[in-house]
Structure formats: C-alpha cells, structure tokens
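So the structure is just underneath, and the comments pick up after that.
Given the structure is predicted, the values throughout are model-derived calculations rather than measurements. By convention in this document, chain letters (A, B, ...) are assigned in the order of the sequence lines, proteins followed by strands, and residues within each chain are numbered from 1.
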Protein chains: 2
Amino acid sequence: MEATPPTGLGVVATAHDGGPTGPPERARAAGSGAPTLEDVARVAGVSRATVSRVVNGQRRVAAEIQAVVREAIATTGYVPNLAARSLVTRRTGAVIVVVSGVEEQGSPSTIDFADPFFGRVVGGMLRALRPRDVDPILMLAETDSDRARVLSSLRNGNADGALVVSTRGDDPMPRLLVEAGLPAVVFARPGRPIPLSFVDVANRDGARLAAEHLVARGCRHVAAISGPLDVPSAQDRLSGFQDAMARHGQAFVPTVGGNFTYESGVAAMTSLLDGYQDLDGVFASNDLMALGAIEALQAARRRVPDDVRVVGFDDSSLGALSRPALTSVRQPIEEMAAEMARILLDTIADPGRRVTSTIFEPTLRIRDSA
Amino acid sequence: MEATPPTGLGVVATAHDGGPTGPPERARAAGSGAPTLEDVARVAGVSRATVSRVVNGQRRVAAEIQAVVREAIATTGYVPNLAARSLVTRRTGAVIVVVSGVEEQGSPSTIDFADPFFGRVVGGMLRALRPRDVDPILMLAETDSDRARVLSSLRNGNADGALVVSTRGDDPMPRLLVEAGLPAVVFARPGRPIPLSFVDVANRDGARLAAEHLVARGCRHVAAISGPLDVPSAQDRLSGFQDAMARHGQAFVPTVGGNFTYESGVAAMTSLLDGYQDLDGVFASNDLMALGAIEALQAARRRVPDDVRVVGFDDSSLGALSRPALTSVRQPIEEMAAEMARILLDTIADPGRRVTSTIFEPTLRIRDSA
DNA sequence: CCAGGACGGGAGAGCGCTCTCGCGCAATCT
DNA sequence: AGATTGCGCGAGAGCGCTCTCCCGTCCTGG
C-alpha cells in the first residue's frame with residue numbers, strides 16, 4: 001500500500017528544504033491559504049496535470065516523478081479541494097441519508113430521534129461508507145418541500161445518491177427517487193413495489209421464530225399485537241406469526257393493532273385481556289409495544305413470563321434493560337445499514353446495475369420474558 | 001398532485017411553451033442534463049450576473065426583470081450547483097457533525113450509536129440547521145487519521161465548521177480544531193480550558209436538584225455513583241451533589257465511581273451496599289448507572305423507592321420506560337444541540353465573534369424511583 | 001440646462017480541478 | 001536504417017458560479 005496522503009493538521013509545512021529543482025518561491029501562494037494543485041506543481045517542477053494524475057493514481061506516471069510530486073504534496077500540505085473536483089467530475093463523494101417520515105396532524109413528526117434504531121442505522125452506514133471515503137449528509141424529509149430539497153440536492157450533484165430510512169409505509173420519497181432516476185437504496189421493502197434496491201429482514205421468518213418459541217415454551221393461547229398494516233413489515237410479521245401458529249394447531253390468533261408506540265402496546269394488551277382471559281403468550285411486532293404489553297399485563301396482575309410470555313421484535317437496547325428482560329427477534333440493523341451503503345456505492349459506480357434486494361435472516365434473542 | 005418532473009434520468013423538461021420572448025432554443029442545452037445559470041439567462045434574455053443576483057437576492061434588481069428571471073428559473077427547473085458556488089464563495093453550506101471518541105483497547109469504540117443521546121443531539125441540530133439551509137455531514141472521529149480527515153475536510157472548505165460531540169473528557173478533537181483556527185462548537189465543557197465555544201448544562205445545579213429532592217423525600221443516608229472523574233460533567237455532578245448534601249447536614253457522601261454503563265452501575269451499587277447497609281437514597285450520574293443500581297438494589301431485596309430512592313441524570317427514554325420509572329435530572333439535549341448549531345452558524349458568519357458558552361438549566365423529572 | 005450621482009445591468013475574469021489532445025522521445029517492427 | 005508504435009508529460013479548455021468592474025440611463029440639484 002502506498003503512502004496515503006500525509007495530512008497532518010495540514011498546518012503545514014514540514015520545513016521546506018529548498019527542494020532539488022524548486023525555485024525559491026514560497027510553497028504557498030498569497031491566496032486564501034490552502035495550497036492548490038498549481039502550488040504543488042510549481043514546487044515539484046511539473047505540470048498540474050501530472051500532479052493530478054499522481055493524486056488520483058490514474059494514468060501511469062514515472063516512479064521518480066511520482067516521488068518528487070508526493071514530496072511536494074507533503075511539503076505544501078496539499079489537500080484536494082472537493083468543490084473544484086466535483087465541479088468537473090460530477091461526483092461528490094457524499095451521499096444523502098434521508099430520514100423520511102410523513103407529517104402528521106397530531107404529532108409534530110413521525111421521526112423519533114431518541115429511538116436507538118436511528119443511531120444504529122446511521123452507525124452501520126458510517127462504518128461501510130468511511131472506508132470508501134464517502135461522507136453521509138443527513139437530511140430530514142417530512143414535508144413535500146423537504147423532499148423536493150433532497151431531490152434537487154441530488155439532481156445537481158450535491159450528493160451522489162440517497163440512503164432512505166422511512167418511518168412509514170406510505171412514504172412518497174422512494175417513488176420520487178425512482179421517478180427522478182436517482183441512485184438510492186431504501187431500508188425495508190417499500191409499500192408499493194417499485195424498481196428500487198432495498199435491504200430488509202425476513203420478517204415472516206422472524207415472526208415464525210417467535211411463534212415456535214412460544215409454542216415450545218408451552219403456550220397454547222397466544223395473541224398478537226401488530227403494527228400499522230400499511231407498513232409492509234408489520235404486515236409480514238403478523239401474517240408470518242399467524243401462519244406459524246396455524247401450523248402448530250392454533251388456527252385463530254386474536255390480534256389487535258398498535259402503532260409501534262409504548263402506549264399503543266399498553267392499550268392493545270389491555271383490550272386483548274378484556275376479550276381473552278386465558279392468554280398465555282403474546283407476540284408484539286416491536287419492542288416498544290411488547291414493553292407496553294408487559295406493563296399492561298403486570299397492571300392486570302399477570303406475571304411475565306410465568307403467566308404470560310411475551311416476545312418482541314427488534315432486540316432494541318430498551319428491551320435488554322427492562323425487567324423482565326425482553327425476549328425479542330433480532331434484526332441485524334447495523335449490517336443491514338452497511339449493506340445498504342455498499343449497494344448504493346456500487347450503483348453509483350455502475351448506474352446500469354440491476355436493482356437488488358438483500359434479505360437478512362433474523363435470530364431470536366432469548367431473555368427473560370419468554 | 002402536479003406532475004412531478006417527468007423522470008427520465010433528469011433528462012428533462014416540463015414542456016417548454018415557447019416562452020414569451022424566448023428564442024427557439026431548448027431550455028436545456030445538450031450537456032449533462034441539469035440547467036445552468038447560462039441556460040436561465042438565455043431563456044430570460046438577461047445576463048448570468050443578473051440571474052445570479054436574483055437567485056441570491058443580493059443587489060437590487062428591477063421588479064419586472066426579477067419576474068422574468070423567476071419564471072425562467074421555474075421553466076428550466078434550475079437549481080444552483082453548490083460545488084460551483086462553493087468554489088468561488090468558499091462557503092459550502094455544510095457543517096460537520098463530529099461524533100468523537102477515543103479508541104480503546106477493550107471495546108472497538110467508545111461510541112454507542114444505540115444510545116438515544118446520539119439521535120437526540122443530531123435531531124436537535126437538524127432542526128436548527130435546516131431553516132438556515134445548512135446540512136450536516138456526519139463524521140466519526142475515533143482514530144488520529146479520522147481526526148486528520150475532519151481537519152482537512154474543514155481546511156479545504158468541504159464544510160464550514162464543526163459541531164463536536166465527544167464521548168470522552170480527554171478527546172483531542174476540540175484542541176486540534178482550536179489550533180487549526182477552525183470554527184467549531186462542542187457539546188459540554190472541554191476537559192482542559194481552551195478558547196472554544198460550547199454549550200453545557202449546569203451540572204452542579206442538576207446534582208443539587210437531585211440532592212434536595214432526596215432530602216425532601218426524607219432520605220438521611222445517601223450515596224453517589226459517579227462517572228469517570230476525568231470527564232468534567234461527571235466531576236461537577238459529583239461535587240455538586242456532595243456540596244448540596246453537606247448543606248443539608250450530610251457531611252460525607254459514600255461514593256463509588258462507575259463508567260456510565262449499566263454494568264458499572266450494578267457493580268457500584270453492590271459495593272455500596274456492602275459498606276453501607278442503611279442507605280436510603282442514591283444519586284447516579286447518569287440513567288444507565290441508575291438503572292444498574294436499581295437492578296442491584298432489587299437483587300439485594302431492597303425495594304425502590306420504598307427502601308431506597310434512586311435519582312438518575314439525563315432523563316433518557318430508557319428511564320421513562322423502566323419499572324419503577326426513573327426520577328432523573330433532565331437536560332434539554334435537543335435545545336442544547338440547536339443552540340450549538342446557532343452559535344456555530346453565527347461564528348461562521350462572523351469569524352471575529354467571541355468564543356461563547358451557553359449553560360442550560362436542568363430540571364428534575366420526578367417519576368417513581370424517588 | 002448641464003453636471004453629478006445613484007442605480008440597474010452586462011462583460012469577463014477567475015475559483016481549483018480534471019481530462020482530452022497532442023507532442024516528443026524511446027522502444028519496437030519491417 | 002527508416003517507419004511505426006506507445007508511453008509519459010504538458011498545454012489548455014472548460015465545469016458553473018460569483019463578483020468586481022464598468023457603462024448606460026435616469027433622476028436630481030445647482
């Protein structure tokens with residue numbers, strides 16, 4: 001591996017040792033301060049083009065000239081100006097991470113930044129982006145104007161592509177991106193089928209895992225708390241769970257819908273207890289609702305897991321810390337996010353690339369609640 | 001819904017209705033697709049400079065010409081190319097959000113993206129940045145080379161400034177930024193005093209709130225679980241708590257140090273119980289440790305809050321969801337983050353601006369644990 | 001009635017970079 | 001030996017934008 005660009009605070013200037021051929025000019029011109037290609041070229045005694053070639057490692061450059069140029073780069077503390085580069089290459093080395101939600105009347109936003117999910121996704125992307133020297137620009141997309149802003153940023157090369165994390169099934173962002181022909185990858189299968197790459201977890205398999213675990217633990221009367229059914233993943237989790245239970249003899253699974261919040265979990269469980277006193281197992285489509293369900297169960301004097309077993313979905317850090325610790329279906333969020341980044345980068349490099357999807361297998365994280 | 005730009009790889013063009021004065025040229029030149037200032041100028045029948053003035057609202061432009069230009073902009077679907085603009089203005093309209101940690105031998109990173117703190121900070125910044133059309137670029141800074149990368153990005157105008165969130169007291173990032181003379185604002189007072197703007201919460205006041213609450217609830221034998229004392233905030237929280245207790249007659253507060261993790265909270269509490277059986281109140285320097293303390297207390301058959309009252313610090317979402325729900329000192333993270341963004345933007349706009357610090361008052365969020 | 005502003009607009013010079021083109025030189029082929 | 005190829009380098013043209021000049025026009029005051 002050849003020496004990476006030296007960087008070094010950049011402040012400069014390892015003493016300029018009156019280079020071999022270098023004229024007695026200063027390494028830095030008067031300008032704004034940062035050394036340019038021109039400066040490096042002068043110090044190295046070559047042309048701008050050659051320095052550019054060395055920096056980008058494009059065409060072959062004689063070894064000795066390379067050495068001289070590299071030294072000149074080190075001497076001047078040169079770092080490429082990305083605006084200038086991107087102006088001509090039409091590549092920015094940046095992608096937009098769109099956190100997309102749909103504005104609601106009730107709450108100010110569907111986007112909950114305190115949700116650890118958010119950080120885990122971004123963290124996963126970062127780990128995959130950084131090695132390829134790509135930086136993520138964060139943008140919110142709640143309103144139409146937000147979405148327009150994302151689109152124009154992309155359209156005039158402010159960024160090379162988008163990684164979209166939606167909080168709702170009916171989010172228009174993915175469709176807009178496809179229509180604009182922009183490189184993008186979304187987290188979770190979009191509500192309507194569109195030609196767009198995505199990564200997802202095998203939601204049905206995760207639900208099956210939960211079902212089989214409850215059955216194995218001896219549960220005979222289980223219920224489900226589902227998410228909003230317009231969200232594909234909620235849909236899959238529910239039907240996957242129902243199917244698996246049917247396969248184990250329980251034809252009918254009492255189900256109440258929630259909206260992925262803690263409160264909705266409490267409410268759903270309460271209403272479930274109203275109609276079905278003999279429940280001994282519950283599957284909630286996410287951890288927050290599972291936690292709410294546990295709260296409602298305890299309020300109703302049902303012990304967890306002794307009387308009723310509860311399984312969640314997400315394996316969030318909340319579930320690990322609550323008591324009883326929550327048994328939950330784990331989706332490898334970080335890896336999924338990293339894969340999104342990889343797919344996007346590949347798509348940007350080769351726009352003709354087919355739309356792909358990668359489905360990750362969930363695992364069951366068994367703790368105390370079931 | 002109006003017809004969105006017809007797709008096609010951005011190829012084009014709301015039907016050009018043979019504009020008023022427009023020559024029969026196409027609105028878009030052959031080029032790469034995106035319309036440029038030149039295109040707009042041609043359609044509007046004015047010069048590039050005039051269009052630029054309208055776009056940037058700089059000098060006065062005759063009202064009617066403005067109208068013509070605006071229409072031309074709409075017709076062509078023009079959006080400024082930020083790379084080109086930034087090349088000449090040396091402003092990018094982007095800031096770097098540096099999530100900074102220090103590499104450790106043990107764990108792969110001190111940065112925990114699953115921590116809701118992270119998302120809340122970013123969310124707060126976003127809300128303040130967006131109205132001023134500035135986008136955050138996310139960067140990790142764990143290694144020296146990461147830090148060098150942040151610095152060079154800044155130095156060559158890849159971004160205008162940095163918002164730094166450190167996870168450790170001895171983080172070198174703030175110092176490096178100051179030395180390089182780059183605009184930056186950090187979250188929480190830096191370990192060593194340096195001329196750098198920051199926002200923080202009045203940690204001592206928060207600790208006092210906790211102390212007074214415990215005293216008011218009748219606690220007579222309280223202990224503290226502190227964070228690493230090289231972190232200024234941990235230091236302040238502890239001494240603030242000790243001082244406040246002293247003012248209320250308890251001269252000595254048994255203290256055990258933790259490292260802000262759940263496990264360290266469990267360990268600290270366990271060791272505290274070993275030495276002091278009659279404890280009736282505990283203050284932990286963050287919620288995670290408070291939660292750990294509660295776990296240890298319950299394991300030792302102490303009821304919370306009946307036997308021992310526990311107060312945490314952070315008012316994290318975890319604390320709200322745990323049982324008993326955690327009483328905690330709340331710092332307005334989102335507002336603090338927003339303030340960071342504002343200070344940074346002001347500093348960028350006026351580099352001569354004094355270094356400032358804004359300290360936020362914490363409040364006590366009383367729930368069930370105390 | 002004419003000089004002096006004030007103001008609105010155009011021309012053009014770059015910002016720092018990449019990339020195509022062409023030239024010179026050495027190595028290879030006929 | 002001459003002709004041909006190929007390779008490495010330099011020259012120079014922009015990428016799309018802003019901004020400083022400068023010039024023409026209109027308004028105002030002496």
Side-chain angles (χ1 to χ4, degrees), chain A residues 5 21 28-69 72-73 76-93 152-153 155-158, chain B residues 10 21 28-69 72-73 76-93 152-153 155-158:
Chain A
T21 46
R28 310 283 219 69
S32 67
T36 74
L37 253 200
E38 187 78 51
D39 297 324
V40 178
R42 204 178 324 125
V43 171
V46 299
S47 72
R48 277 203 317 282
T50 299
V51 178
S52 175
R53 285 191 270 259
V54 171
V55 171
N56 298 298
Q58 295 212 327
R59 270 173 46 182
R60 277 186 54 73
V61 173
E64 52 186 52
I65 292 207
Q66 267 194 49
V68 174
V69 171
I73 289 175
T76 52
Y78 171 76
V79 194
N81 177 316
L82 278 78
R85 172 180 292 173
S86 125
L87 184 56
V88 27
T89 59
R90 308 194 157 270
R91 277 292 170 69
T92 62
S152 24
S153 272
R155 291 211 335 127
N156 47 183
N158 204 6
Chain B
T21 47
R28 309 286 219 67
S32 67
T36 75
L37 253 200
E38 186 77 51
D39 297 325
V40 177
R42 203 179 325 125
V43 171
V46 298
S47 73
R48 277 203 316 282
T50 299
V51 177
S52 176
R53 286 193 267 259
V54 171
V55 171
N56 297 299
Q58 297 211 327
R59 268 172 46 180
R60 277 185 55 72
V61 173
E64 51 187 52
I65 293 209
Q66 266 195 50
V68 174
V69 171
I73 288 175
T76 53
Y78 171 77
V79 193
N81 177 317
L82 281 92
R85 171 180 293 174
S86 123
L87 184 56
V88 27
T89 59
R90 308 195 158 271
R91 278 292 171 70
T92 62
S152 8
S153 272
R155 291 214 332 128
N156 6 232
N158 206 2

task: Using whole Å, report how far CD of B:Glu38 lies from P of C:dA13.
output: 15 Å
Phosphate contact (C:dG16 OP1 or OP2) by A:Thr36 side-chain N/O below 4.0 Å: no
task: Let me know the distance between CZ of A:Arg85 and C1' of C:dG16, rounded to the nearest Å.
output: 11 Å
- request: Name all residues meeting the side-chain hydrogen bond (donor to acceptor under 3.5 Å, both in side chains) criterion together with B:Arg48; count only those two or more places apart in sequence or in a different chain, and write none if there are none.
  value: B:Glu38
Interatomic distance where CG belongs to B:Leu37 and P belongs to C:dG12 [whole Å]: 17 Å
- prompt: Rounded to the nearest Å, what distance is computed from the CG atom of residue A:Leu87 to the C1' atom of nucleotide C:dC19?
  reply: 13 Å
field: A:Leu37 versus A:Ser52, closest heavy-atom pair with distance
entry: CD1-CB, 3.9 Å
query: To the nearest Å, how far apart are A:Arg42 CZ and D:dA11 C1'?
result: 17 Å
message: Using whole Å, what does the distance between atom P of nucleotide D:dG14 and atom CZ of A:Arg90 come to?
response: 14 Å
- request: Would you indicate what A:Leu82 reaches in the nucleic acid, counting non-hydrogen atoms under 4.0 angstrom: base, sugar-phosphate, or nothing?
  value: nothing
- line: Checking C:dG10, C:dG9, D:dG10 against the side chain of B:Ser47 (C-beta onward), the nearest is C:dG10
Donor-acceptor pairs are to be reported for all side-chain atoms of residues 77-87 of chain B against protein atoms at under 3.5 Å, with residues two or more places apart or in another chain.
| unit_1 | atom_1 | unit_2 | atom_2 | d |
| --- | --- | --- | --- | --- |
| B:Asn81 | OD1 | B:Ala83 | N | 2.7 |
| B:Asn81 | OD1 | B:Ala84 | N | 3.0 |
| B:Arg85 | NH2 | B:Asn56 | OD1 | 3.3 |

task: Measure the shortest side-chain to side-chain distance between B:Val46 and B:Val69 over non-hydrogen atoms and say whether it is less than 4.5 angstrom.
output: yes
- request: Taking all non-hydrogen atoms of both residues into account, name the closest pair between A:Val51 and A:Val40 and its distance.
  value: CG1-CG1, 3.7 Å
- prompt: Between B:Asn158 (CG) and C:dC17 (C1'), how many Å, whole number?
  reply: 14 Å
- line: Rounded to 10°, the helix from C:dC1-D:dG30 to C:dT30-D:dA1 deviates from straight, judged by its five-pair end axes, by 40°
query: Considering only side-chain heavy atoms of B:Asn81, which listed nucleotide, C:dC17, D:dG10, D:dG16, is closest?
result: D:dG16
Which pairs, protein N/O on one side and nucleotides 19-28 of chain D N/O on the other, fall under 3.5 Å?
| unit_1 | atom_1 | unit_2 | atom_2 | d |
| --- | --- | --- | --- | --- |
| D:dC19 | OP2 | B:Gln58 | OE1 | 3.3 |

